[in-house]
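Worksheet: one structure, shown below.
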Amino acid sequence: ETGVTQTPRHLVMGMTNKKSLKCEQHLGHNAMYWYKQSAKKPLELMFVYSLEERVENNSVPSRFSPECPNSSHLFLHLHTLQPEDSALYLCASSQDLLGTSGGYGANVLTFGAGSRLTVL
Amino acid sequence: AQSVAQPEDQVNVAEGNPLTVKCTYSVSGNPYLFWYVQYPNRGLQFLLKYITGDNLVKGSYGFEAEFNKSQTSFHLKKPSALVSDSALYFCAVRDSNTDKLIFGTGTRLQVFP
């Protein structure tokens, strides 16, 4: 294990369901991220949290709702998703964010194994 | 716009042969460059990064990458491929305007015994 744990590993849901993805990091990192990975596309950054405060919301539809109750845990709440939302959702963490702009481009990211989401 | 490109969807190489996975970038200023690897059913794992210093960067699992400023490239290399190196490899570059990471689309490396 990489120190970042994601559950569930697989999730199938209907378009009207509500579900949540969970991420937990055991590394003492202060920044956490949600990425979406679709086949043959670059990783899409969705959300960034630093010390439980959201610093990035990358034009993500409101049917995705993140929550960061503390620096070790990150959730992604899912509501009325579309079939095109089917993808691998990756959680990542890093030691810190650099600067006040929420920049993280020089940080090494530690990723979880991902949650494979299928929306029917 | 700043970007990173991985021109090959897939690279096939025989075990024991050298391997190269290509990456080119377009950023303003000095680039921060990364390679990550994703094994089946796993998240991405950091391999190596270039920020400054020696153009040849050594990383995990015997991989290395060469920063070439004139060709704006950061190709990933290994002298002798292993079957266990078969995975999806991602190049990433820091966008100097936003200080965010831009990932490439990934290159699938297949090493045949």
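Letters go in sequence order (proteins before strands), and every chain restarts at 1.
Under a cut-off of 6.0 angstrom, the local environment of CG in A:Asn70 is crowded, with over 12 non-hydrogen atoms contributed by other residues, nucleotides or ligands.
With a 4.5 Å cut-off on non-hydrogen atoms, B:Leu33 does not touch chain A at all. Neither the backbone nor the side chain of A:Gln6 comes within less than 4.5 Å of any heavy atom in chain B. If you measure heavy-atom distances from A:Leu90 to chain B, the contacts under 4.5 Å come from the side chain alone. With a 4.5 angstrom heavy-atom cutoff, A:Leu109 touches chain B via backbone and side-chain atoms both.
Pairing each heavy atom of B:Leu48 with each of B:Ala65, the nearest pair is CD1-CB, 3.6 Å.
A donor-acceptor pair under 3.5 Å is formed between the side chain of A:Ser86 and the backbone N or O of A:Val119.
Under a 4.5 Å side-chain heavy-atom cut-off, the cluster of Ile, Leu, Val, Met, Phe, Trp and Tyr residues that includes B:Leu56 has no other member.
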Identify all side-chain donor-acceptor contacts of residues 104-113 of chain B below 3.5 Å with residues at least two apart in sequence or on another chain.
residue  : atom : partner : partner atom : Å
B:Thr107 : OG1  : B:Gln6  : NE2          : 3.1
B:Thr107 : OG1  : B:Glu8  : O            : 2.7

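Among the candidates A:Glu44, A:Gln37, A:Lys40, A:Lys41, the residue making the largest number of heavy-atom pairs closer than 4.5 Å to chain B is A:Gln37. In terms of non-hydrogen atom pairs under 4.5 Å with chain A, the most contact-rich of B:Phe34, B:Tyr39, B:Tyr36 is B:Tyr36.
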